[in-house]
Amino acid sequence: MAIEVFNRYENKYMLDDKTCQALQARLSDYCELDAYNKRFETYPICNIYYDTEDSCLIRTSLAKPSYKEKLRIRSYGVPDAGSNVYVEIKKKHRNLVNKRRSALPLRDAYSFLRSGVVAITPDCANAQVLAEIQCILERHQLMPKAFISYERKAYFGTDHHDLRISFDTEIRTRRTSLRLESGIFGERLMPDGKWLMEI
């Protein structure tokens with residue numbers, strides 16, 4: 001069953017190329033590369049964020065409350081209609097982040113987030129997570145509002161497997177063509193030579 005649940009603390013830092021490369025050179029003694037990065041220098045992650053018509057979720061998030069939540073569809077690379085993607089709830093209470101996600105074929109993910117109903121729960125899905133997402137959909141009238149993509153290089157701690165360090169670059173966004181299968185394009189959010197590191 002394709003279900004992943006994360007409870008973690010996150011810290012983010014902006015780095016330039018030189019600092020990023022120096023840090024990654026040191027990390028190789030303590031961490032191993034993400035499975036994707038053993039084949040590719042970086043790998044693309046694409047997201048569609050859902051929000052209300054008046055962008056209530058993002059406005060609440062920017063106000064830095066003690067609790068906030070987000071709903072998104074995530075793919076690794078550009079999917080087609082039959083590709084499995086993740087429907088994710090990301091919640092933050094104080095400094096603790098909880099992420100719950102379930103895999104669905106892309107066409108079913110779109111249908112579910114539009115209607116709040118999964119006609120047939122495929123083997124790859126988790127009914128509990130989908131039920132939680134249904135509750136969010138009942139509370140809010142959500143729609144696709146923003147696409148965000150980036151190229152990622154990630155590491156896991158060799159001795160401390162709970163440690164994950166990722167480096168994102170080529171961060172792009174758009175407010176139109178809000179379909180994952182439309183491809184990677186949009187306004188760049190960081191200048192060349194900058195990386196967002198998350199621990």
Side-chain angles (χ1 to χ4, degrees), residues 4 6-51 55 57-66 68-79 85-86 88-99 101 144-180 182-199:
E4 295 182 51
F6 305 87
N7 285 295
R8 63 193 186 194
Y9 293 96
E10 296 177 350
N11 293 291
K12 298 182 181 182
Y13 307 89
M14 187 74 72
L15 306 177
D16 59 28
D17 266 335
K18 183 178 179 181
T19 305
C20 184
Q21 290 169 11
L23 184 55
Q24 288 184 37
R26 296 286 304 276
L27 283 178
S28 61
D29 294 335
Y30 310 98
C31 298
E32 61 182 80
L33 282 170
D34 183 296
Y36 287 107
N37 291 127
K38 291 177 180 177
R39 293 184 294 151
F40 307 103
E41 182 66 20
T42 62
Y43 58 90
I45 297 177
C46 303
N47 305 277
I48 301 287
Y49 282 85
Y50 281 68
D51 207 335
S55 301
L57 297 185
I58 188 60
R59 287 189 294 105
T60 299
S61 179
L62 292 172
K64 300 193 182 300
S66 60
K68 58 186 179 182
E69 63 187 6
K70 297 175 182 175
L71 179 65
R72 68 188 176 201
I73 302 178
R74 166 170 286 188
S75 66
Y76 294 86
V78 177
V85 298
Y86 288 100
E88 301 184 344
I89 315 165
K90 189 172 182 182
K91 303 176 182 180
K92 187 172 184 180
H93 182 253
R94 302 190 190 280
N95 293 323
L96 180 64
V97 174
N98 173 268
K99 186 167 77 170
R101 67 187 193 174
K145 292 288 282 192
F147 170 91
I148 296 179
S149 69
Y150 32 88
E151 291 288 325
R152 172 164 287 180
K153 188 168 188 177
Y155 296 84
F156 288 95
T158 50
D159 294 328
H160 303 283
H161 293 289
D162 288 341
L163 175 66
R164 179 173 169 81
I165 303 173
S166 62
F167 300 87
D168 296 337
T169 192
E170 297 288 331
I171 302 175
R172 297 180 181 273
T173 187
R174 63 179 187 258
R175 298 293 182 128
T176 59
S177 300
L178 297 178
R179 308 280 291 185
L180 291 174
S182 295
I184 297 172
F185 63 93
E187 177 186 356
R188 296 202 41 188
L189 295 180
M190 293 196 312
D192 286 338
K194 294 291 185 182
W195 295 76
L196 183 64
M197 179 178 77
E198 181 177 280
I199 301 175

Verdict with supporting geometry, Val97 and Lys92, side chain to side chain contact (heavy atoms under 4.5 Å, CB included): CA-CA 4 Å; Val97 174; Lys92 187 172 184 180; 4.0 Å; yes

Side chain proximity check, Asp34 to Tyr43, heavy atoms < 4.5 angstrom: yes

Enclosure of Asp162 CG (heavy-atom neighbours >12, cutoff 6.0 Å): no

Worked check of side chain to side chain contact (heavy atoms under 4.5 Å, CB included) between Asp51 and Tyr49: CA-CA 7 Å; Asp51 207 335; Tyr49 282 85; over 6 Å; no

Carboxylate-amine/guanidinium contact Lys153 Glu41, below 4.0 Å: yes

Short N-O contact, Glu10 and Lys90, less than 4.0 angstrom: yes

Pairwise side-chain contact, Tyr50 with Pro144, heavy-atom cut-off 4.5 Å (strictly under): yes

For the student: nearest non-hydrogen atoms of Arg179 and Ile48, plus distance: N-CD1, 3.9 Å

From Lys12 atom NZ to Ser166 atom OG, the distance as rounded to the nearest 0.5 Å: 8.5 Å

Over 12 foreign heavy atoms within 6.0 Å of NZ, Lys18: no

Mutual orientation of the aromatic rings belonging to Tyr76 and Tyr86 [parallel < 30°, tilted 30-60°, perpendicular > 60°]: perpendicular

Minimum heavy-atom distance Ala154-Asn37, with the two atoms named: N-OD1, 2.7 Å

Leu178 to Arg175 - nearest heavy-atom pair and separation: CD1-O, 3.7 Å

Separation of Leu163 CG from Cys31 SG (nearest 0.5 Å): 5.0 Å

Flag side-chain contact, heavy atom, 4.5 Å: Ile73 against Asn47: no

Gln24 CD to Leu27 CG distance, which is reported to the nearest 0.5 Å: 7.0 Å

Row check, Phe185 ring normal vs Arg172 NZ/CZ: under 6.0 Å, within 45°: no

Stepwise side chain to side chain contact (heavy atoms under 4.5 Å, CB included) check, Lys68 with His93: CA-CA 7 Å; Lys68 58 186 179 182; His93 182 253; over 6 Å; no

Gap separating the CG atom of Leu180 from the CZ atom of Arg74, nearest 0.5 angstrom: 10.5 Å

Ionic contact status for Arg164 with Glu198, cut-off 4.0 Å: no

Steps toward side chain to side chain contact (heavy atoms under 4.5 Å, CB included) verdict (Ile89, Lys91): CA-CA 6 Å; Ile89 315 165; Lys91 303 176 182 180; 3.6 Å; yes

Interatomic distance, Phe167 atom CZ to Ile199 atom CD1 [nearest 0.5 angstrom]: 7.5 Å

Side-chain heavy atoms of Tyr150 within contact of Arg152, under 4.5 Å: yes

Derivation of the side chain to side chain donor-acceptor pair (under 3.5 Å) call for Trp195 and Asp17: CA-CA 7 Å; Trp195 295 76; Asp17 266 335; 2.7 Å; yes

Side-chain donor/acceptor of Asn7 to backbone N/O of Asn98, under 3.5 Å: no

Approximate separation, where rounding is to 0.5 Å, of Thr169 OG1 and Arg188 CZ: 6.5 Å

Lys/Arg N to Asp/Glu carboxylate O, Glu88 vs Arg72, below 4.0 Å: yes

Closest heavy-atom pair and its distance - Gly186, Arg174: CA-CB, 4.2 Å

Closest approach of Phe147 to Ile184 (non-hydrogen atoms, all atoms of both residues): CZ-CA, 4.3 Å

Nearest non-hydrogen partners of Tyr30 and Arg26, listed with the distance: CD1-O, 3.4 Å

